[in-house]
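What follows is a set of notes on a single structure, which appears directly below.
This one's a predicted model, so the numbers in the text were calculated from it and none came from an experiment. Because only heavy atoms are used, hydrogens play no part in the values below, and waters and symmetry mates are left out as well, while side chains stay in. Sequence positions, counted from 1, serve as the residue numbers for this chain.
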Amino acid sequence: MNGYMKVWLKKRMIPQQWQAAKEVIKKIEHAGFEAFIVGGAVRDYYLKKENNDVDIATSAMPEEIQTIFSQTIDVGIAHGTVIVLDCGEPIEVTTYRTESTYSDHRRPDTVEFVRNLQEDLKRRDFTMNAMALSQSGEYIDYYNGRQHIDSKVICAVGEPDQRFEEDALRMLRAVRFAAQLHFSIEENTFEAIRKKAASIEYVAIERIQVELSKIFISAHASFGIDYMEKTTLGDYLHGNFTASNWAHYYSEDRQVGWAYFCLVNGSDLSLLTKYRCSNKDKLFVKTVLDAYESLRNGMSLVDLLRYDTIVLKTSFQFTIWQNCKLELSYEELVGRKNGLPIQHVNELAITGKDLLDWSSKKRGSWIKQTLDAAVEAVLNEEVQNDKQQLKEWFYAFHDEG
């Protein structure tokens, strides 16, 4: 390992998760077993990207790990996983294993523990995720993961058909990695996805939602959507995945991604239910889409008051991504909002109780209608937001003075 890598390794090992993982590996090795950092942390380490979700694979059996360490949690011991707490941070340690057939295209029917690292790594999805890293910074790379990263390609480990037969979600993960890293999908891997695309329907919709969310917030989301189209994966999922709609899109907010997905699907809010999105997501998306329509039709002062700056910014971005021409800039829009006499309906100087005190009417829908009219009158500067002046406005409005 060259001097630069050693210095860089030292810097990268500063985060607590990495330091704890290093200590865990040392203790496992001291007990006579192998142990390596594996998975996405190794990939990101090679790419010089931050990743503090550090997992360890080992030749030690789960029971042997429990003997080596005094503080462990059995989170998935049947599948070989134990969480070690001894070194200051929780570290997931999993025994090398091989897996049987995946009759449901999601989970292995059986798991067999082995003592061989290469056997463990060959069951993983893509070569860039099938590398291991020693605590001293040496790579174990049986499947040319570093070469494929350098070439910016996503390549299945071994036979692509078999990898996707085992877990159909891996096809969507390939697209997600393409969107995140701007890597192309290797030809045989791509063709296997096209061949197996229909099997994505076996995957739980919640798992699909997570992967789509990650695509939506990726640095190259439109590149990922293009792969959704080319691989035909999008044909077997809810909604339409047309890459041209995403050419100018970029967001790091998953809710914005889901709002835009609904927009390019004809503002179809039912997609959020189909993908099991939360009620919070649904409220945000509906509000943003309403604001977008208001912007396109000429936003009123009441609308400016109604929407917060996050919603306004998102809906304005939508007009840009959809190439809609507006008469004002975002800065002008925010300037108008900030110049309103009130910034929230709760700032209105009168309440429903005041209206009841000033009127002989009983409670009813007229109260909300009158308060709405009062807000509009204040915004249009027909009356100042002052209780006495609003009282006079009220009598004039109801002709009761």
Mind checking whether F183 and I149 have side chains closer than 4.5 Å, heavy atoms only?
yes
Residues passing the salt bridge (Lys or Arg N to Asp or Glu O under 4.0 Å) test with K353, sequence neighbours excluded, are D357
So does E332 have more than 12 non-hydrogen atoms from other groups sitting under 6.0 Å from CD?
yes
Please collect all salt bridge (Lys or Arg N to Asp or Glu O under 4.0 Å) contacts where either partner lies in residues 258-277, sequence neighbours excluded, each pair once.
E206-R276
Just by distance, do the side chain of K282 and the backbone of S270 share a donor-acceptor pair under 3.5 Å?
no
State, without any angle test, whether N240 and T242 hold a side-chain donor-acceptor pair at a distance under 3.5 Å.
yes
Within the 3.5 Å criterion, strictly below it, is a donor on Q66 or D74 matched to an acceptor on the partner's side chain?
yes
Any side-chain donor near an acceptor of the partner, N144 and T127, under 3.5 Å
no
If we count only N and O atoms by modelled type, under 3.5 Å, do the side chains of D303 and S300 hold a donor and an acceptor together?
yes
Give a yes-or-no answer on whether the side chains of Q71 and D86 include a donor-acceptor pair shorter than 3.5 Å.
no
How far apart are the C-alpha atoms of R146 and D150, what are their side-chain angles, what is the distance that settles it, and do they pass the salt bridge (Lys or Arg N to Asp or Glu O under 4.0 Å) test?
CA-CA 6 Å; R146 287 173 294 175; D150 292 341; over 6 Å; no
Would you call E64 and R115 a salt bridge, taking side-chain N to carboxylate O under 4.0 Å as the test?
yes
So, D120 and R97, do they make that salt bridge, N to O below 4.0 Å?
no
Quick one: ring pair (Phe, Tyr, Trp, His ring centres under 6.0 Å) partners of Y292, sequence neighbours excluded?
none
